**Student:** 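One structure, as structure tokens, below. Some questions next.
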Amino acid sequence: MKPIRIFLSAIMMVSILSVSVFAAQTQDRQIRLLLQRMTLEEKIGQLTQYSYGMDLTGPAGEPIKPEEEIRKGRIGSLLNATGAEKTRELQTIAVEESRLGIPLLFGLDVIHGYRTIFPIPLGEAASWDLSAIEQSARIAAIEASAAGVNWTFAPMVDIARDPRWGRIMEGAGEDPYLGAEVARARVRGFQGNDLGRSDTILACAKHFAAYGAAQAGRDYSTVDISRRTLHEIYLPPFKAAAEAGAGTFMNAFNELNGIPCTGNRYLVREVLKKRWGFDGFVVSDWDSIKEMIVHGFAEDGRHAAELAMHAGCDMDMMSAAYIAHMADLVRQGKVPPAQIDEAVTRILSVKKRVGLFKDPYQYCSPERERELLLNDKHQAIARDVARKSIVLLKNENGTLPLDRDLKRIALIGPLADNQTDPLGSWSAKGEDKDIITLRRGIMDAVSSNTEVLFARGCDIDGEGTQDMAEAVRVACKADVIIAALGESKNMSGEAHCRGDIGLPGRQLELLQKLQATGKPVVLVLMNGRPLTLVWPSQNIPAILETWLLGTQTGPAIADVLFGKVNPSGKLPVTFPYALGQVPIFYNHKMTGRPGVKGQAYRSTYADIPVEPLYPFGFGLSYTQFSYSPIRLNRAKVAYDEIANVSTTVTNTGSRQGAEVVQLYIRDLKASVTRPVKELKGFSKIDLKPGESRKVTFALTAEDLAFYNQTMTKVTEPGKFEVFVGGNSRDVLKAEFTLLSK
Ligand code: BGC
């Protein structure tokens, strides 16, 4: 026992020293003085967050009277309180009726829009258009901040390699490089250049960390991954968010290699706060402090509070463990007062950055709320972002775009005239009635001579077939059939995982019946995750992946269907051939026996291919692009030199279009095996018919770095392959040698 106790107290000493340094080093006099005036109970109040109202995503806990608690200084932040007037009312209690008048933070899950709902984040990531993604977050911030919200629990930057996991819809897909770029863009969009302005909101990078690696794709499930995979795959988007200045981080629900993230001092204190120098604060996830008891890590609520505080969790969302036990833990010597001071200093400093000490009411403006929510400008931007998010998966014989003068179009399917599901999960204050459906969008886009026939065909889920015969009858009358199929908004998102990722219910059967009519069929998919689509990919001439596009669903899809806009999205995540391939991702390792068709004792399946149906980065256009052979500035690159990789891309078709030019590398031999491909750059370029553009990527030693056997980040000299192309599969290749230092 003894040595262990000595070891523990040594850790405690280090932690006491480093945290007291944090609080003492605060240059801010106002915060130092405030801290001096606070009682222990008031300090713990700042570390406490409750939900206002009933937007619950977890256990509700003991009911409290928030107004009374605010008055007593026992709450530092609320989530789910919205509206300029309501938040002003609550803020007034905090500022005028609590002893120290410390303003509240108001948090909400503003994930893809506040009232104007943008595409689900996975869809937006498919645009590979960082300024569009930033703009979407900017509009979300403008609307939310006008309605009293000054903190969003976004961006979710969890890498997801398993499409069963429902929260795959909430992130940027499977790749750490793309994920990091998108994380930066979203933080910039929410926080702007100056977090103190009244139209910016505090970002929260979540869920720290590796939540997307849940075993079996089941939400909240165990995560057990190597430290290398953690650092190379799951952490880069978080690091990018911290570098971009994200003011807060959220703990993940899951355990990571045996230690729940909320009690994981390596993750929070060592990596985030020490190595990355993060000076914002960390909030737990909903009740995740107390859930450490269920994990089998904490004895009871008191122990859970102690573990979370030691690990660096500054604010308790909804478990009420801090408010119940922390004062006692401090008095008993279990938690050093310096840890509390650190947490409070972090929270107060962020409140100051948000501008709350200057003007606590700056976010509560009923006029701005009335003027800004869902206004025309925001609608127009949402439409633009939505059409940029659409991915053309197949287009045989130029089926698309459709002629807007067609005589009759049959629009079939449970998502065709759907006024609910296109909002997607986590749609904040988005309202069904704001959605412009696909049916409406198409009717507005076609000529006055075109008849748009409609039939639902079947439900999204379930076994009912009563509408199917009618749908086929309607389809037979048309020149072309548009089938709008996919998932409901509740089939993805938190706690909405699927064990089968095919088209749910009887939708595939409906599609097969429509195809059997012999009419051309365009499949418009609306869904929150990759689906298995083998039959459609082999039998339907045109397929559009539209995700769940939000308020402007109909106009955006119609823009693409009728060629007003040329699709330019690319998959941010692999679409598997079959569920049995999952988890599947493009940046896998080689193995000693890579799959070779027809050869025995290889890394293959007996019944399905090894290759995915649609690879990462894939997406077609109504035009075509050609790539000139890769040019390297030199074949042998000195260690501290830059390797320039260039190609000239030409639009060889007859329409203007945008192409996402992607750069991948492979380190051919290293002291630790490296992935077969790693994305290291991309550039989205717009080209007129016949136009060419040279695209150059600069690779530095840092881009070629990885963690070696001792987990030190190194770049090892040797041969590297570089690949350039319009997706991760169809690429041109070249090679260079990196010379020793
Ligand atoms: C989710 C978080 C979310 C929180 C507050 C939790 O269930 O995991 O992502 O921010 O609820 O709504």
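Each ligand, and each atom within it, is numbered from 1 in the order the structure gives. Only a predicted model underlies this, so the values are computations on that prediction, with no experimental measurement involved.
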**Student:** Can you find a side-chain donor-acceptor pair between Ser77 and Trp151 that sits under 3.5 Å?
**Tutor:** no
**Student:** Mark up the atoms of ligand 1 that fall under 4.0 Å of a heavy atom belonging to Lys206, in ascending order.
**Tutor:** 2 (C), 3 (C), 9 (O), 10 (O)
**Student:** Out of all atoms in ligand 1, which are within 4.0 Å of some heavy atom of Phe153? Include the element for each.
**Tutor:** 10 (O)
**Student:** Could you pull out, from Asp285, Leu79, Asp287, the option with a heavy atom nearest to atom 6 (C) of ligand 1?
**Tutor:** Asp285
**Student:** State the atoms of ligand 1, each with its element, that fall below the 4.0 Å cut-off from a heavy-atom position in Arg167.
**Tutor:** 1 (C), 2 (C), 8 (O), 9 (O)
**Student:** Polar-atom distance check: Trp286 versus ligand 1, any N or O pair below 3.5 Å?
**Tutor:** no
**Student:** Is there any N or O on Tyr211 that sits under 3.5 Å from an N or O of ligand 1?
**Tutor:** no
**Student:** Sequence neighbours left out, what passes salt bridge (Lys or Arg N to Asp or Glu O under 4.0 Å) with Lys351? Give chain and number order.
**Tutor:** none
**Student:** Determine whether more than 12 heavy atoms belonging to other residues, nucleotides or ligands lie under 6.0 Å from atom CD of Glu85.
**Tutor:** no
**Student:** For ligand 1, is there an atom lying under 4.0 Å from some heavy atom of Met156?
**Tutor:** no
**Student:** Is the closest basic N to carboxylate O distance between Glu243 and Arg184 below 4.0 Å?
**Tutor:** yes
**Student:** Could you say whether the N/O atoms of Trp426 and ligand 1 ever approach to under 3.5 Å?
**Tutor:** no
**Student:** If you measure every N/O of Glu170 against every N/O of ligand 1, is any gap under 3.5 Å?
**Tutor:** no
**Student:** So among Asp219, Asn251, Asp158, Asp285, which one has a side chain to side chain donor-acceptor pair (under 3.5 Å) with Tyr211?
**Tutor:** Asp219
**Student:** Taking the six-membered ring for Trp, are Trp128 and Phe616 closer than 6.0 Å centroid to centroid?
**Tutor:** yes
**Student:** When you look for heavy atoms under 4.0 Å from ligand 1, do you find them on the side chain of Gln49, its backbone, both, or neither?
**Tutor:** neither
**Student:** Return a table of donor-acceptor pairs under 3.5 angstrom between the side chains of residues 136-150 and protein atoms on other chains or two or more places apart.
**Tutor:**
unit_1 : atom_1 : unit_2 : atom_2 : d
Ser136 : OG     : Glu124 : OE1    : 3.4
Ser136 : OG     : Glu124 : OE2    : 2.6
Arg138 : NE     : Gly189 : O      : 2.8
Arg138 : NH2    : Asp199 : O      : 2.7
Glu143 : OE1    : Arg115 : N      : 2.9
Glu143 : OE1    : Thr116 : N      : 2.9
Glu143 : OE2    : Thr116 : OG1    : 2.6
Glu143 : OE2    : Leu374 : N      : 3.0
Glu143 : OE2    : His378 : ND1    : 2.8
Ser145 : OG     : Ala141 : O      : 2.7
Ser145 : OG     : Ile142 : O      : 3.1
Ser145 : OG     : Ser198 : O      : 3.2
Ser145 : OG     : Arg368 : NH2    : 3.3
Asn150 : OD1    : Phe106 : N      : 2.7

